[in-house]
Amino acid sequence: MAKSYESKSVEQKWYKYWEDNGLFKAEATSDKDPYCIVIPPPNVTGTLHMGHALNNTLQDILCRFKRMKGFNVLWQPGTDHAGIATQNVVEKDLAAKGTDRYAVGREKFIELVWEWRKKYGGLIINQLRRLGCSCDWSRERFTMDEGLSKAVREVFVRLYEEGHIYRGDYIINWCPRCHTALADIEVEHKEKESHLYYIRYPFKNGGGHLTVATTRPETLLGDTAVAVNPEDDRYAALSDPHVLLPILNKPIPVIFDKYVDMEFGTGALKITPAHDPNDFEIGNTHNLERIKVIDENGMMNDLAGPYRGMERFECRERIIEDLKMGDLLEKIEPYQNAIGHCYRCKTMIEPLLSKQWFVKTGPLAKEASKAVREGKTKIFPSNWEGVYFEWMDNIKDWCISRQIWWGHRIPAWYCQECGAVQVAKEAPMSCNSCQSNDLVQETDVLDTWFSSALWPFSTLGWPDSTPELKTFYPTAVLVTGFDILFFWVARMMMMGIHFMGDIPFKDVYIHALVRDAEGKKMSKSKGNVIDPLEIMDQFGTDAFRFTLAALAAQGRDIKLSEETILGYRHFVNKIWNAARFALMNLDENEDPKHDERAYTLADRWILTRLGQVSEEVARAIEAYQFNEAAAHCYQFIWHELCDWYLEMAKQELYGENGVSKETARAVVQEALIVALKLLHPFMPFITEEIWQRLPGTDGSIMTARFPDPSDFLRDEDALKEMNLLMGVIAAIRNIRGEMNIPPSKNVNLIIDAKSELDEEILERNLAYIQTLAKVDGASIGSGLPKPAKSATAIFEETSVHVLLEGLIDFEEEKKRIRKAISKIEKDMEASNKKLSNRGFLEKAPAGIVADVRTKFEGFSTKLSKLKQNLSFLETIDDC
RNA sequence: AGGCGGGUAGCUCAGUGGGAGAGCAUCGGCCUUACAAGCCGAGGGUCACGGGUUCAAACCCCGUUCCGCCUACCA
């Protein structure tokens with residue numbers, strides 16, 4: 001076995017072994033309890049980033065854990081067709097070839113996208129394999145495959161028939177680059193430095209003007225009114241109810257609406273119903289004309305008069321110039337406001353009037369909200385529930401049509417004769433109002449999130465009634481980042497409840513965002529991206545996964561640096577070497593037997609601890625406290641199993657007694673097996689590698705049973721005895737360290753034990769003290785006097801005198817004891833304060849009071865012993 | 001503007017009512033036959049600030065301040 005762990009070859013080997021042996025496969029029907037997680041489907045265009053790595057590591061931990069706990073686990077994988085993102089990629093390819101999608105045509109273009117998907121769409125799936133994900137790949141799905149498309153049509157038609165889907169004129173967020181409408185949440189608002197322009201609108205009948213403030217002067221071409229607040233005294237007595245639109249010199253009315261904020265600007269607001277969502281609303285109440293002056297490319301159209309054909313920002317500049325010339329621009333103030341940008345391509349959004357398809361979300365959201373309120377679905381950590389309710393209770397209708405080509409084409413047909421709209425699962429033969437055969441399908445496709453909203457049941461075979469649906473719906477838990485709580489989780493809740501009559505998942509676990517070492521969000525443009533694949537190459541997948549789990553405390557973002565990962569790689573190596581040690585002492589062909597009569601204190605202790613730790617780890621994973629689970633594994637394996645148990649076991653392993661030797665081998669083997677099982681969900685590769693080398697193991701560790709606390713010895717005495725032994729050894733080591741006694745130099749001891757029982761325990765385990773604290777001989781008894789040339793440490797009420805003939809530095813020893821005294825005095829003071837407080841004695845629980853009293857007595861004994869020691873030293877000094 | 005999260009050792013962070021913790025870094029001692037990616041030991045904190053509740057507060061409540069994020073239709 002190599003001296004340090006080499007991850008590369010190991011990882012590939014075992015992943016292939018698991019897949020070849022079908023260990024990731026779920027059973028459609030089974031006697032075992034079901035446990036199902038649907039993967040948040042990554043975009044086909046995606047490559048594995050830190051967010052994916054964290055998200056999928058946590059899911060894999062849960063799945064591997066539950067499998068070992070005996071569940072029928074389905075981790076349902078798949079990818080998302082990612083409408084706009086994928087279309088963008090293929091369009092870029094076309095642009096490089098000097099053509100575009102319009103030249104290619106819709107049908108051919110879609111073919112090209114499928115080809116692209118076939119070629120590159122599996123990239124991220126293979127990256128998930130590198131990460132060790134135990135998905136059931138035989139069930140991989142894609143949001144555009146036949147089954148899922150069928151589910152999409154079914155849902156659309158049923159929602160339409162129920163009146164939950166409608167088509168209407170609305171101001172939508174238009175991306176002039178992607179050429180499509182965007183839902184409100186697909187718009188990112190960014191604070192930007194801009195300007196507030198004060199523009200004069202002259203009164204129609206001569207004499208004076210009204211000044212309005214705007215950030216978008218170019219839209220004035222589409223103004224159809226100026227609004228003021230009816231309570232605004234400044235405008236109460238307007239003699240002329242009309243003003244002239246600057247430049248176009250067109251009369252428009254002054255209207256009164258309470259929406260207008262009197263404090264802002266001049267209290268007069270220009271109204272452009274076709275290019276601003278608020279103005280659109282006001283336009284509706286006042287029946288104003290909607291004049292569209294900017295087109296789908298962000299260019300000024302024919303209605304823009306002299307500015308026709310200009311780009312929108314160029315038009316702004318020109319209008320400002322022209323206003324200045326006509327003395328209609330009063331002033332320009334610097335101004336900061338939040339401007340919407342496309343979340344895909346970052347182009348500035350143009351609010352635009354157009355006809356779109358919508359889902360009426362109100363009734364669906366109400367049910368989805370109720371399910372969480374009633375606790376049917378629980379969100380972890382629970383503070384996200386508030387965010388969820390906030391959104392659900394203020395939800396707006398969902399614009400689901402997109403003017404792109406890649407996606408599920410909306411199953412609606414328009415009759416070219418009579419204009420009737422027909423919605424159906426399959427293309428209708430003729431119009432059902434005029435029987436015409438001249439039908440044309442809607443060219444828009446559905447928002448990508450429409451199909452992902454169905455993911456928890458469409459992947460299981462819906463709308464067919466399948467055994468998978470019966471077995472696995474509702475799924476156990478959804479693991480995701482908070483950034484898609486609205487996009488995805490909320491919509492799955494709505495659709496799941498509506499179409500399945502039940503929640504899609506019992507738990508939602510919201511995990512952190514991975515940031516860089518400075519706490520900044522990782523992004524390509526900032527250049528601070530850490531590539532998970534490089535990390536896996538460099539440190540190994542197990543170290544990487546364990547790091548992510550160890551940092552995944554609930555409710556806080558993760559700051560990831562290579563330093564941290566390096567620390568956990570050391571842990572991986574520690575495990576490797578512990579295994580190496582064990583294997584050196586085990587025989588390949590022998591399965592050593594325990595003989596309980598030969599158990600040492602160390603054996604009884606570690607066996608008891610194995611049971612306790614197994615329980616702690618299992619409980620933490622069940623509660624989604626991944627960091628706690630990881631910390632328990634780390635602390636136990638390194639600082640208990642390796643630092644203490646393996647060191648102590650050497651005594652028997654290297655000894656001559658056959659029975660003791662075999663028992664020690666058996667316990668070492670068992671402890672290692674349990675440690676591997678506890679670690680397996682976090683570190684699948686190294687645990688399998690060691691498992692396969694270890695005698696007494698069968699098949700894959702994946703199919704081994706997770707340790708149950710009832711499997712182990714429960715020996716409370718062993719815990720207490722070990723506590724004493726470790727305390728005494730630590731006390732001796734402390735003296736050695738402080739006195740700079742080299743490890744090569746052994747010492748002798750006088751131990752003054754507090755009781756006969758302790759005396760007996762220490763006597764019985766003297767050999768451990770000798771090896772672990774480098775001790776030659778010791779006299780153990782009670783009431784033994786302190787020898788002159790010695791240093792003393794006190795553990796609980798046991799005094800340990802280390803004989804330091806020729807080595808002792810009295811000044812150093814006095815300093816050491818004074819330090820101990822001042823420390824204990826502080827402790828005593830705290831306890832004493834409580835015990836002399838009548839309120840505490842009367843009101844605190846009896847158990848607590850007793851504890852403090854015991855502690856105080858312990859302190860006080862220790863203190864008097866320390867003081868004795870000190871005065872003893874001072875006496876010697878005087879001589 | 002509103003909402004959420006955070007401020008604990010030099011750094012990164014655990015810790016939700018009863019004696020302040022871990023890892024890394026620092027300092028001292030060790031190549032002890034699993035591991036120097038290691039072993040043994042040590043130092044280091046007004047738990048952001050101010051009030052309150054309580055016998056008892058890092059933890060609960062109120063206020064202040066700084067940082068981060070999310071939401072939003074003040075042009």
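A note on names: the letters A, B, ... follow the listed sequences, proteins ahead of strands, and every chain is numbered from 1.
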Undergrad: Please tell me which of A:Tyr634 and A:Lys855 maps to the more 5' nucleotide of RNA chain B, matching each residue to the nucleotide holding its nearest heavy atom.
TA: A:Lys855

Undergrad: Can the ring centroids of A:Phe626 and A:Phe682 be said to lie less than 6.0 angstrom from one another?
TA: no

Undergrad: In whole angstrom, give the distance that lies between atom CZ of A:Phe840 and atom P of B:A56.
TA: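 So the CZ-P distance, A:Phe840 to B:A56, works out to 11 Å.
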
Undergrad: Quick check on RNA chain B: between A:Asn627 and A:Glu6, whose nearest nucleotide comes earlier from the 5' end?
TA: A:Asn627

Undergrad: Does atom CD of A:Glu563 have more than 12 heavy-atom neighbours, drawn from other residues, nucleotides or ligands, at distances under 6.0 Å?
TA: no

Undergrad: With distance as the sole criterion, do the side chain of A:Glu647 and the base of B:A34 form a donor-acceptor contact below 3.5 Å?
TA: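 Indeed, a donor on one side and an acceptor on the other fall under 3.5 Å apart.
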
Undergrad: Verify the contact: side-chain N or O of A:Asn734 to OP1 or OP2 of B:A42, cut-off strictly under 4.0 Å; return yes or no.
TA: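 Checking A:Asn734 against B:A42: at least one side-chain N or O falls below 4.0 Å of OP1 or OP2.
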
Undergrad: What is the separation between atom CG on A:Asp827 and atom P on B:G18, rounded to the nearest whole Å?
TA: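 So the two atoms are 17 Å apart, to the nearest Å.
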
Undergrad: Using atom NZ of A:Lys819 as one end and atom P of B:G41 as the other, report the distance to the nearest whole Å.
TA: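 My rounded result for the distance is 13 Å.
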
Undergrad: Less than 4.0 angstrom from a charged side-chain N to a carboxylate O is my criterion; do A:Lys819 and A:Glu738 meet it?
TA: yes

Undergrad: Can you measure A:Asn740 atom CG to B:C27 atom C1' for me and round it to whole angstrom units?
TA: 12 Å

Undergrad: Within this structure, what is the CD-to-C1' distance between A:Glu563 and B:A37, rounded to whole angstrom?
TA: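 In whole Å, B:A37 C1' and A:Glu563 CD are 14 Å from each other.
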
